[in-house]
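What follows is a short report on a single structure.
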Amino acid sequence: MRLLFVLCLMAAAPAFAAPPPASLPAPLQRVQNEGGTVIQSFPAPDGLTGWVMKIQGHYVIVYSTASGDYVISGALVDKDGHNMTSAYGDKYIPKPDAAKLVAALGTDPWLVEEGSPKAPLMYVYADPNCIYCNKLWNDLRPYVESGKVRVRWALLDFLKRTSTGRAAAILSAHDRAAALAQDETKFDRANEEGGIPELAPVPIEIGEILKRHTDEMNDAGAAGTPTMLVHRQDGWSIVYGAPKDMPTLIASLTR
């Protein structure tokens, strides 16, 4: 699985109103001015205040000192060896909502679709330069071609400078599935580069779509591509990374 750079990634619970900017410690105000978002605060041990933040699309837990002059990021471990940061993440960070993501993707006109419309549906967030996405694309060929799965690919562009132009070339093509196939069948595995030439300049609309897909993948709690949304008997769920047992995954899918 190709990873995004993050400080710390966790998942779980209730949403709260963000504190007003004027009440934030100075270091957090600076992080917020640089694009981070403070979600909420909570009490922590020994005069510390815990904070849930969203940085580069990912939730993190940080702590401010009593003076407010310092902010600490990382694992907070108590005398018994318990990771308090992990526990706070479970309590305060929102859980990914697979059904909400599927609802957004269901009306997205900028996906690459392949496979029988009668087959079980799978959504995949992918980068055109992702070697693991390339493996997934190849592993899915027998199931797509035999009508056992329908795949809708949501492209994004976080891996390399060339990802934007390649993703744009696929999305702007008259036949997007054929353009994606060109990228994957001509993939340069030695250099981890997709096989379709870059589109330049990239239309503003497509650039915005690629960013939206990245934001959606982050909201899914994912740290990179491929990230899949699949439907089983108990509803929609998120699968991170290329599956090791593709036959079992395909057999578990329902419409």
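For clarity, every value in this text was computed on a predicted model and none was experimentally measured.
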Hey, are the side chains of H231 and L121 touching, using non-hydrogen atoms and a 4.5 Å cut-off?
no

Give a yes or no on whether V124 and L155 share a hydrophobic cluster (residues Ile, Leu, Val, Met, Phe, Trp, Tyr; joining criterion: side-chain heavy atoms under 4.5 Å apart).
yes

Tell me if a side-chain donor or acceptor on T85 pairs with a main-chain N or O of L76 at a distance below 3.5 Å.
yes

side-chain hydrogen bond (donor to acceptor under 3.5 Å, both in side chains) partners of residues 166-177, not counting sequence neighbours, each pair once
N129-R166, T162-R166, R166-E193

Do the rings of F42 and Y63 sit parallel, tilted or perpendicular, given the 30° and 60° boundaries?
perpendicular

Among T214, L229, I238, side-chain contact (heavy atoms from CB on, under 4.5 Å) partner for Y125:
L229

Say whether S163 and D157, considering side chains only, have a donor N or O and an acceptor N or O under 3.5 Å apart.
no

How would you list, by chain and number, every residue that makes a ring-ring contact (aromatic ring centres under 6.0 Å, His included) with Y70, sequence neighbours excluded?
none

Under-4.0 Å salt bridge between E198 and K160
no

Check: L210 and L171 side chains under 4.5 Å, non-hydrogen atoms
yes

Atom pair CD1/CE of I250 and M122 - distance to nearest 0.5 Å
4.5 Å

Taking the side chain as every heavy atom from C-beta outward, state whether E114 and L140 have any atom pair closer than 4.5 Å.
no

